Amino acid sequence: MATQGCVTTVIKYLKPLALYQTEKPFKIAFDVSEIAEAQKTNHEFVDHHISVTDVRGTEDQFTLDKNGFQFCKLPTSLRKDDFDSDEIVRSQLYSEVKELVGGLMPQGTEVVILGHKRRERRPGFPAVVAYSIPLPHPVVYAHADFTSDGAAIRLEPVWNERPDLRGRRFQMVNVWRVTKGPNQDWPLACCDYQSIDVDNDIEQSDVIHRTHIGENCMLLPNSSHKWYYLDNQGVDEVIVFRHCDSLGLGIPFSPHVSFDRAMQLKDVPLRESIEVKVVCFLCN
């Protein structure tokens with residue numbers, strides 16, 4: 001068994017403000033620069049030193065149902081430039097992801113692909129953040145994309161098309177990979193569910209869109225958190241992590257964050273990645 005290495009780095013947690021006792025955290029997910037006195041967010045973050053453990057050689061010790069995430073091999077027929085084509089991603093990558101996730105779920109689970117997002121780190125990030133870019137940057141604060149209530153809002157269009165799925169237990173899952181590798185630039189770290197105090201470490205936050213208000217999960221600092229990543233992640237290696245389960249916080253999920261691995265490394269290629277968002281409808 002390989003010896004696990006650790007990287008010390010800094011990530012951002014939501015700051016535990018007294019404000020959030022009376023005002024729910026929120027972020028507006030569209031441009032408000034032309035709206036007088038509009039406040040885009042009330043989030044305040046605090047930098048926190050963490051140790052992130054490399055799982056290389058011990059990947060099979062982590063599972064969705066124990067840790068909230070796991071590492072899988074998923075060879076793909078796509079070449080590097082193919083990931084920039086939404087048509088190719090939908091016609092080829094989606095089926096590969098759907099087969100993988102279906103194999104991780106209980107028998108009878110129906111897997112529905114919700115969409116995908118490409119990310120790319122640009123030179124100067126995070127000191128310089130450009131907003132007029134074709135692809136979004138990595139996310140540098142610890143979070144999960146959905147709470148169960150937020151997921152239910154996102155799933156309304158799915159239920160409208162498939163009313164037979166309404167009422168079934170569901171899980172929101174991401175399948176994350178780099179699109180060029182091996183990667184050491186701003187890799188993804190996942191927080192082990194077993195190290196989270198769900199009663200005290202989690203803050204729900206509104207995500208305000210033009211047409212609806214969603215909800216995600218922000219992580220508050222706790223020195224007990226255990227973080228893991230896959231060093232030198234290749235294109236055929238994916239991280240599968242759960243955002244939420246409709247049964248609530250008692251089902252393992254994994255807040256996640258991108259972190260600066262290149263503080264110890266110089267002149268590594270800039271990260272490019274793709275994440276596919278999936279909903280799994282389990283048999284009740």
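All values reported here derive from a predicted model rather than from experimental measurement.
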*Asks:* Just verifying a value: how many Å separate L93 CG and D86 CG, rounded to the nearest 0.5 Å?
*Replies:*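 The CG atom of D86 is 11.5 Å from CG of L93, to the nearest 0.5 Å.
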*Asks:* How would you list all residue pairs meeting ring-ring contact (aromatic ring centres under 6.0 Å, His included) that involve residues 98-124, not counting sequence neighbours?
*Replies:*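 ring-ring contact (aromatic ring centres under 6.0 Å, His included) check on residues 98-124 returns Y94-H116.
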*Asks:* Quick one: CG on D236 to SG on C72, what's the gap to the nearest 0.5 Å?
*Replies:*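 D236 CG to C72 SG: 11.5 Å, rounded to 0.5 Å.
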*Asks:* Of all the heavy-atom pairs spanning Y193 and V198, show the shortest one and how long it is.
*Replies:*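 Result for this residue pair: CE1-CG1, 3.8 Å.
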*Asks:* Would you say K277 and I113 make side-chain contact, with heavy atoms under 4.5 Å?
*Replies:* no
*Asks:* Any side-chain heavy atom of F83 within less than 4.5 Å of one from V235?
*Replies:*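 Counting from C-beta outward, F83 and V235 do come under 4.5 Å.
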*Asks:* Salt-bridge test for R242 and D65: reply yes if a basic N is under 4.0 Å from a carboxylate O, no otherwise.
*Replies:*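 Yes.
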*Asks:* Would you find a donor on one side and an acceptor on the other, under 3.5 Å apart, between the side chain of R56 and the backbone of L230?
*Replies:* no
*Asks:* Decide, yes or no, whether a salt bridge links E237 with K73 under the criterion of side-chain N to carboxylate O below 4.0 Å.
*Replies:*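 A salt bridge links E237 with K73.
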*Asks:* Please confirm whether the backbone N or O of C280 pairs with a side-chain atom of R168, one donor and one acceptor, at under 3.5 Å?
*Replies:*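 Not confirmed, R168 side chain does not pair with C280 backbone.
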*Asks:* Side-chain donor-acceptor pair under 3.5 Å between T147 and E215, yes or no?
*Replies:* yes
*Asks:* side-chain contact (heavy atoms from CB on, under 4.5 Å) between L220 and N200: does it pass, once the steps are laid out?
*Replies:* CA-CA 8 Å; L220 300 172; N200 296 296; over 6 Å; no
*Asks:* Could you walk me through whether H225 and I50 pass the side-chain contact (heavy atoms from CB on, under 4.5 Å) check?
*Replies:* CA-CA 8 Å; H225 292 161; I50 63 167; over 6 Å; no
*Asks:* Please report the interatomic distance CD1(I35) to CD1(I28), rounded to the nearest 0.5 Å.
*Replies:* 6.5 Å
*Asks:* How long is the span from the CG atom in L74 to the OG1 atom in T76, to the nearest 0.5 Å?
*Replies:* 6.5 Å
*Asks:* Just by modelled atom types, is the D82 backbone N or O under 3.5 Å from a matching donor or acceptor in the Q92 side chain?
*Replies:* no
*Asks:* Where is the tightest heavy-atom contact between V207 and A29, given as atom of each residue plus distance?
*Replies:*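 Heavy atoms only, the tightest pair is CG1-CB, 4.2 Å.
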*Asks:* Is it true that E156 and R154 have a side-chain N and a carboxylate O under 4.0 angstrom from each other?
*Replies:* no
*Asks:* Does the pair V55 and Y229 meet the rule for a side-chain contact (heavy atoms from CB on, under 4.5 Å), with working shown?
*Replies:* CA-CA 6 Å; V55 304; Y229 84 111; over 6 Å; no
*Asks:* Please report the interatomic distance CG(D54) to CG(N232), rounded to the nearest 0.5 Å.
*Replies:*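 D54 CG to N232 CG: 8.0 Å, rounded to 0.5 Å.
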*Asks:* I'd like to know if E203 pairs up with K24 as an ion pair, taking the criterion as any Lys NZ or Arg NE/NH1/NH2 lying under 4.0 Å from an Asp or Glu carboxylate oxygen.
*Replies:*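 Between K24 and E203 there is no salt bridge, as every charged N stays at least 4.0 Å from the carboxylate O atoms.
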*Asks:* Taking it one step at a time, do W227 and F259 satisfy side-chain contact (heavy atoms from CB on, under 4.5 Å)?
*Replies:* CA-CA 11 Å; W227 292 91; F259 70 96; over 6 Å; no
*Asks:* For a quick check under 3.5 Å, do N216 and D145 share a side-chain donor-acceptor pair by atom type?
*Replies:* no
*Asks:* Would you mind reporting whether V111 and F281 have side-chain heavy atoms less than 4.5 Å apart?
*Replies:* no
*Asks:* Quick check: closest heavy atoms across Q61 and N67, and the distance to 0.1 Å?
*Replies:*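 Result for this residue pair: O-OD1, 3.9 Å.
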*Asks:* Do H243 and F253 have ring centroids that are under 6.0 Å from one another?
*Replies:* no
*Asks:* Please check if I251 and I202 belong to a single hydrophobic cluster, counting links between Ile, Leu, Val, Met, Phe, Trp and Tyr side chain heavy atoms closer than 4.5 Å.
*Replies:* no
*Asks:* With a 4.5 Å heavy-atom cut-off, do P252 and L64 have their side chains touching?
*Replies:*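 No, every pair of side-chain atoms sits at 4.5 Å or beyond.
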*Asks:* When hydrophobic residues are tied together by side-chain contacts of less than 4.5 Å, even through go-betweens, does V279 share a cluster with V97?
*Replies:*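 No; V97 is not reachable from V279 via cluster members.
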*Asks:* So if you build clusters from Ile, Leu, Val, Met, Phe, Trp, Tyr with side-chain heavy-atom gaps below 4.5 Å, do L114 and V101 land together?
*Replies:*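 Not linked; separate clusters.
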*Asks:* Restricting to non-hydrogen atoms, name the atom on K15 and the atom on V46 that form the minimum distance, rounded to 0.1 Å.
*Replies:* CA-CG1, 4.1 Å
*Asks:* Using the side chain to side chain donor-acceptor pair (under 3.5 Å) criterion, which residues pair with Q194? Sequence neighbours excluded.
*Replies:* D192
*Asks:* State whether the side chain of N174 and the backbone N or O of W176 hold a donor-acceptor pair below 3.5 Å, judged by distance alone.
*Replies:* no
*Asks:* Identify which one of R121, R119, R261 satisfies the side chain to side chain contact (heavy atoms under 4.5 Å, CB included) criterion when paired with W186.
*Replies:* R121
*Asks:* Does some side-chain heavy atom of L165 sit less than 4.5 Å from a side-chain heavy atom of L155?
*Replies:* no
*Asks:* Between F146 and F69, is there a shared hydrophobic cluster once you connect ILVMFWY residues whose side-chain heavy atoms come closer than 4.5 Å?
*Replies:*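 F146 and F69: separate clusters.
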*Asks:* Treating D185 as the side-chain partner and R271 as the backbone partner, does any N or O pair qualify as donor plus acceptor under 3.5 Å?
*Replies:*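 Checked: pair present.
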*Asks:* Taking the side chain as C-beta and beyond, is there a heavy-atom pair between P106 and C283 under 4.5 Å?
*Replies:*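 Heavy-atom side-chain distance check fails, nothing below 4.5 Å.
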*Asks:* Between E275 and K117, does at least one N-O distance fall below 4.0 Å, as a salt bridge requires?
*Replies:*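 Salt bridge between E275 and K117, a charged N being under 4.0 Å from a carboxylate O: no.
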*Asks:* Using the rule that Ile, Leu, Val, Met, Phe, Trp and Tyr join whenever any side-chain heavy atoms are under 4.5 Å apart, tell me whether V112 and M172 fall into a single cluster.
*Replies:* yes
*Asks:* Taking side chain to side chain contact (heavy atoms under 4.5 Å, CB included) as the definition, give me every residue that meets it alongside S148, ordered by chain and number, with sequence neighbours left out.
*Replies:* none
*Asks:* Taking atom NZ as the centre, does K226 end up with more than 12 heavy-atom neighbours from other residues, nucleotides or ligands that are less than 6.0 angstrom away?
*Replies:*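 No, not enclosed.
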*Asks:* I88 versus L78: any side-chain heavy-atom pair under 4.5 Å?
*Replies:* yes
*Asks:* Is there a side chain to side chain donor-acceptor pair (under 3.5 Å) between Q171 and D245? Walk through the geometry before answering.
*Replies:* CA-CA 4 Å; Q171 298 180 354; D245 185 297; 2.7 Å; yes
*Asks:* Is the backbone N or O of F30 less than 3.5 Å from a side-chain atom of K40, with the two atoms forming a donor-acceptor pair by type?
*Replies:* yes
*Asks:* Taking it one step at a time, do R122 and E120 satisfy salt bridge (Lys or Arg N to Asp or Glu O under 4.0 Å)?
*Replies:* CA-CA 6 Å; R122 292 294 179 121; E120 180 181 66; 2.8 Å; yes
*Asks:* Closer than 3.5 angstrom, by distance alone: can the side chain of S254 be matched with the main-chain N or O of F241 as a donor-acceptor pair?
*Replies:*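 No.
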*Asks:* Any side-chain heavy atom of P255 sitting closer than 4.5 Å to one from I196?
*Replies:*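 Side chain of P255 against side chain of I196, heavy atoms only: contact under 4.5 Å found.
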*Asks:* In plain terms, say whether D206 and K27 are close enough for a salt bridge, that is, a side-chain N and a carboxylate O under 4.0 Å apart.
*Replies:* no
*Asks:* How close do C191 and L219 get, heavy atom to heavy atom, and via which atoms?
*Replies:*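 For C191 and L219, the tightest heavy-atom pair comes out as SG-CD2, 4.3 Å.
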*Asks:* If you draw a 6.0 Å radius around NZ in K98, do more than 12 non-hydrogen atoms from other residues or ligands fall strictly inside?
*Replies:* no
*Asks:* Could you check whether Y141 and Y13 have their ring centres less than 6.0 Å apart?
*Replies:*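 No - the distance between ring centres of Y13 and Y141 does not fall below the 6.0 Å cut-off.
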*Asks:* Using modelled atom types and a 3.5 Å cut-off, is there a donor and acceptor pairing between side-chain atoms of S91 and backbone atoms of E87?
*Replies:* yes
*Asks:* What do the steps show when you test F26 against H43 for ring-ring contact (aromatic ring centres under 6.0 Å, His included), and what is the final call?
*Replies:* CA-CA 7 Å; F26 74 88; H43 291 170; 7.3 Å; no
*Asks:* Check whether any side-chain N or O of K12 sits under 3.5 Å from a backbone N or O of V139 as a donor-acceptor pair, and report yes or no.
*Replies:* no
*Asks:* Out of curiosity, L282 CG to Q107 CD, how far, rounded to the nearest 0.5 Å?
*Replies:*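 Interatomic distance, L282 CG to Q107 CD, rounded to 0.5 Å: 12.0 Å.
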*Asks:* Is there a donor in the side chain of Q70 and an acceptor in the side chain of T63, or the other way round, less than 3.5 Å apart?
*Replies:*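 Looking only at side-chain atoms, T63 and Q70 do not form any donor-acceptor pair under 3.5 Å.
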